[in-house]
Q: 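Please see the structure below; I have some questions.
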Amino acid sequence: MTSVGGALRRTLLLVMLAVGVGVMLSWRRGQGASPMPTDPPQWPEWPEQPPTTEPPSVAPGTPTDDQPWVAPNADGSAPASHPVEVKESSGIFHVPGGRFYDRTRPDRCYPTAAAAEADGYRRSKT
């Protein structure tokens with residue numbers, strides 16, 4: 001037999017040996033696996049929660065300590081007490097007399113520019 005035939009025979013033998021080892025390993029891995037439970041796990045019931053006290057009601061549009069801003073008027077303008085207009089999507093606030101103040105439809109209105117900056121908004125560039 002030629003050297004090519006011997007090389008093919010050795011290659012075939014190695015491939016068969018590798019396949020046999022792989023089959024044995026996968027069989028052994030399957031033998032050690034625990035069986036799957038037939039029923040899904042049951043979660044324990046949540047304990048009864050004590051009733052919570054309701055926070056004091058605040059009139060809509062009135063700022064609180066946690067919320068220094070108010071919503072804009074129904075027509076989209078800023079109330080006279082909170083003239084600084086904030087657009088949340090851009091993160092920019094506009095002050096009266098600014099270039100785009102009149103055409104801004106605010107999401108929030110602040111009493112001062114410092115209050116808007118304290119909430120993380122930046123002043124418009126123009």
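Values below: all heavy atoms of this structure, side chains included; hydrogens, waters and symmetry mates excluded.
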Q: For residues Val95 and Val86: do they belong to one hydrophobic cluster (side chain heavy atoms under 4.5 Å, members Ile, Leu, Val, Met, Phe, Trp, Tyr)?
A: yes
Q: Ignoring hydrogens, what is the shortest heavy-atom contact between Arg108 and Tyr121? Give both atom names and the distance.
A: NH1-OH, 3.4 Å
Q: Looking at Asp119 and Pro68, what are the two nearest heavy atoms and their distance?
A: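 Looks like OD2-CG, 4.0 Å.
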Q: Less than 4.0 Å between a side-chain N and a carboxylate O, is that true for Glu117 and Arg122?
A: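 No, no charged N to carboxylate O under 4.0 Å.
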Q: Looking at every non-hydrogen atom in both residues, tell me the closest pair between Ile92 and Arg123 and how far apart they are.
A: CG2-C, 4.2 Å
Q: Write down the atom of Pro111, the atom of Ala115, and the distance for their closest heavy-atom approach.
A: CD-CB, 4.3 Å
Q: Mind listing the closest non-hydrogen atom pair of Ala71 and Pro79 along with its distance?
A: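 Of all heavy-atom pairs spanning Ala71 and Pro79, the closest is O-CG, 4.1 Å.
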Q: Write down the atom of His94, the atom of Thr104, and the distance for their closest heavy-atom approach.
A: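 Distance-wise, the nearest heavy atoms are CD2-OG1, 3.4 Å.
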Q: When rounded to the nearest 0.5 angstrom, what is the spacing between OG in Ser124 and CZ in Phe93?
A: 7.5 Å
Q: I'd like to know if the side chain of Asp107 and the backbone of Lys87 have a donor-acceptor N/O pair within less than 3.5 Å.
A: no
Q: Is Asp75 reaching over with its side chain to a backbone N or O of Ser77, donor-acceptor style, under 3.5 angstrom?
A: yes
Q: So, the side chain of Tyr101 versus the backbone of Glu85: is there a donor-acceptor pair under 3.5 Å, distance only?
A: no
Q: Can you tell me how far the CE atom of Met16 sits from the OG1 atom of Thr11, to the nearest 0.5 Å?
A: 12.5 Å
